[in-house]
K.L.:
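Sharing a structure here in structure tokens format.
FYI, side chains are in, hydrogens and waters are out, and symmetry mates aren't considered; it's all heavy atoms of this structure. Below, read A as the first sequence line, B as the second, and so on, with proteins coming before strands; counting in each chain starts at 1.
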Amino acid sequence: MNSNLLRGSLDTIILKLLADHGELYGYEITQKVKDLTKGDISITEGALYPLLHKLEAKNVLQAETRSIGNRYRKYYKLTPKGNQEVESLLTDMESYLHQMTLLLFPKSQTI
Amino acid sequence: MDKQLSKEQIDEIFNFVKSKYVRYVDLQYELVDHLASAIEDEMKKDTKLSFSSALSKVYARFPVTGFTHFVAEKQVALTSYWRRRWFQAFKSYFTPPRVFLTFLLFVFCFSITSAFGSNGAGTLLVISLVLKIFTMIKIHLKVRRNNIKVSDFLFFSTGLAFFMGNFWFEYFGFQVLSNVEFLDGVWQLGLNKTIIISLITTLTFLFTHANFIIFPKMLTDEIRSKYLHLGLNLN
């Protein structure tokens, strides 16, 4: 998939995943995206972590570090602000997809 | 439960991350878990894959700059985070009794500046500067007492740089004072400059107080809520 198209949707994807799954860790987010899209979409580490850190700094996400036996893991989940943000982003995305469909794949005219 | 890497392999990943110039311990933990999770996944898919080959394969997914971008982005994010936390704390600090106390502080600064002109204002700025330096020394001693090497922790060093580096008000204050006329044996401030310098000195004292009270508490709360796994203590 064209990475330019993906870049603008990354925060929507991540926030929606967290809204659906409660809490996830970084690597898990990359795997979920891969699984759900059957490998068509792949979020790189170079794109994922800067975005997670930015969203955490903006209080859209909160993080909790827990022991998982042999190491510590950082889990992310939505804050109340994050929950509002995801609703707003999904509304925007729905509208955007609708407009793009009208523009790029117009219905054929019926006589 | 899927097989986890051994303690020795986790230590090897830590050493690998350090060898790639990630000196901040808090970031090392994040990267190690990501690498370890990915390695476990790769070794599960291909049981013949060795640990070191899996590590190379996983590391290759990072940008050509390695972890440099990760560290730089985290630094930007943390600076933004501390800025937001600080302004939140500063806003919530102003409950009605404190708003009144702030007004009294302004009246005090205005009175001193009106009575003693730029000498009075300058003295207030110097007092604020001295108090701020005293706060920095106090925090430095506290950090040393707890054997914390600040430069090893990105969240700590960015927070400290943000809070301790704010000498802007003193700078602006001295800038205002440097543009006054000396007339009849007195440095003439005029009403406008008196009000401005009084506001500046009020804010410098408030920020110094914030550094003394709010920031150490914020740092302790941050360590307790997010960084217990680093074994830090700030008593």
Side-chain angles (χ1 to χ4, degrees), chain A residues 1 3 6-7 10-11 14-15 17 21 23-36 38-39 41-82 84-85, chain B residues 1-11 13-14 25-42 58-85 88 154-155 158 225-231:
Chain A
M1 165 163 292
S3 61
L6 184 59
R7 201 171 291 130
L10 218 48
D11 50 352
I14 289 170
L15 295 183
L17 275 176
H21 293 91
E23 66 172 20
L24 296 168
Y25 55 96
Y27 182 71
E28 197 177 16
I29 292 173
T30 63
Q31 295 311 293
K32 284 244 181 279
V33 169
K34 214 184 256 184
D35 292 343
L36 288 167
K38 296 187 177 25
I41 293 180
S42 187
I43 300 181
T44 63
E45 285 77 355
L48 174 70
Y49 284 102
L51 185 56
L52 286 175
H53 295 154
K54 191 176 93 170
L55 291 171
E56 192 188 349
K58 282 166 64 174
N59 197 31
V60 172
L61 300 182
Q62 65 190 53
E64 189 188 325
T65 304
R66 297 201 288 264
S67 169
I68 57 157
N70 62 352
R71 59 186 187 267
Y72 285 90
R73 173 168 287 164
K74 192 170 179 180
Y75 289 87
Y76 293 92
K77 62 182 183 185
L78 295 174
T79 60
K81 183 181 175 185
Q84 287 177 340
E85 181 92 358
Chain B
M1 191 180 167
D2 292 329
K3 192 179 170 201
Q4 281 192 325
L5 297 176
S6 68
K7 187 191 173 305
E8 291 71 29
Q9 286 169 328
I10 296 296
D11 288 344
I13 300 174
F14 263 106
V25 176
D26 40 343
L27 297 202
Q28 287 167 11
Y29 274 88
E30 279 193 58
L31 283 165
V32 163
D33 178 54
H34 181 91
L35 292 169
S37 302
I39 289 168
E40 282 164 354
D41 221 19
E42 290 296 329
V58 166
Y59 180 62
R61 294 182 202 154
F62 279 81
V64 285
T65 51
F67 300 133
T68 313
H69 181 65
F70 178 91
V71 174
E73 290 290 328
K74 183 72 179 182
Q75 193 152 14
V76 168
L78 275 172
T79 305
S80 165
Y81 171 76
W82 281 117
R83 189 182 305 120
R84 182 180 61 78
R85 282 287 312 270
Q88 255 175 359
L154 188 60
F155 83 95
T158 43
S225 63
K226 289 185 185 174
Y227 298 102
L228 273 179
H229 61 289
L230 299 178

K.L.:
Which region of B:Glu40, side chain (C-beta onward) or backbone (N, CA, C, O), has a non-hydrogen atom less than 4.5 Å from a non-hydrogen atom of chain A, or is it both or neither?
P.N.:
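Contact with chain A is through the side chain of B:Glu40 alone.
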K.L.:
Roughly how far, to the nearest 0.5 Å, is the OG1 atom of A:Thr30 from the CZ atom of B:Arg61?
P.N.:
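Output value for this atom pair is 7.5 Å.
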K.L.:
Looking at A:Gln31, A:Glu28, A:Arg73, which hits side chain to side chain contact (heavy atoms under 4.5 Å, CB included) with B:Ser37?
P.N.:
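For B:Ser37, the side chain to side chain contact (heavy atoms under 4.5 Å, CB included) check succeeds only for A:Arg73.
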K.L.:
Return yes when atom NZ of B:Lys226 has more than 12 non-hydrogen atoms of other residues, nucleotides or ligands closer than 6.0 Å, and no otherwise.
P.N.:
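Check passes, neighbour count above 12.
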K.L.:
Supply the atom-to-atom distance B:Gln4 CD to A:Ile68 CD1, rounded to the nearest 0.5 angstrom.
P.N.:
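Output value for this atom pair is 5.0 Å.
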K.L.:
Just to be sure I understand the criterion: a residue of residues 77-85 of chain B counts if one of its heavy atoms is under 4.5 Å from a heavy atom of chain A. Which ones qualify?
P.N.:
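Expected list: B:Ala77, B:Ser80, B:Tyr81, B:Arg84.
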K.L.:
Picking from B:Ile13, B:Leu35, B:Ile10, what satisfies side chain to side chain contact (heavy atoms under 4.5 Å, CB included) with A:Arg71?
P.N.:
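That would be B:Ile10; it is the only one of B:Ile13, B:Leu35, B:Ile10 passing the side chain to side chain contact (heavy atoms under 4.5 Å, CB included) with A:Arg71.
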K.L.:
Please round to the nearest 0.5 Å and tell me the distance separating atom OH of A:Tyr49 and atom CZ of B:Phe62.
P.N.:
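With rounding to 0.5 Å, OH (A:Tyr49) is 6.5 Å from CZ (B:Phe62).
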K.L.:
Is B:Lys7 close to chain A through its backbone or its side chain, or both, or neither, when contacts mean heavy atoms under 4.5 Å?
P.N.:
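For B:Lys7, neither part sits under 4.5 Å from chain A.
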K.L.:
CZ of B:Phe70 to CD of A:Glu45: how many Å apart, nearest 0.5 Å?
P.N.:
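B:Phe70 atom CZ to A:Glu45 atom CD measures 10.5 Å (nearest 0.5 Å).
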K.L.:
Under 3.5 Å, is there a donor-acceptor pair between the B:Glu73 and A:His53 side chains?
P.N.:
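Per modelled atom types, B:Glu73 and A:His53 side chains form no pair under 3.5 Å.
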K.L.:
Tell me, for B:His69 versus chain A, whether the close heavy atoms (under 4.5 Å) come from the side chain, the backbone, both or neither.
P.N.:
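Contact with chain A: side chain only.
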K.L.:
Where the side chain of A:Asn70 meets the backbone of B:Leu5, is there a donor-acceptor pair that is under 3.5 Å apart?
P.N.:
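Such a contact is found between A:Asn70 side chain and B:Leu5 backbone.
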K.L.:
Between A:Thr44, A:Asn59, A:Leu52, which shows the greatest number of heavy-atom pairs under 4.5 Å with chain B?
P.N.:
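Highest number of pairs under 4.5 Å: A:Asn59.
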K.L.:
Walk me through it: do A:Tyr25 and B:Asp33 pass the test side-chain contact (heavy atoms from CB on, under 4.5 Å)?
P.N.:
CA-CA 9 Å; A:Tyr25 55 96; B:Asp33 178 54; 4.2 Å; yes
K.L.:
Could you please spell out the steps behind the side-chain contact (heavy atoms from CB on, under 4.5 Å) verdict for A:Glu56 and B:Lys74?
P.N.:
CA-CA 10 Å; A:Glu56 192 188 349; B:Lys74 183 72 179 182; 4.1 Å; yes
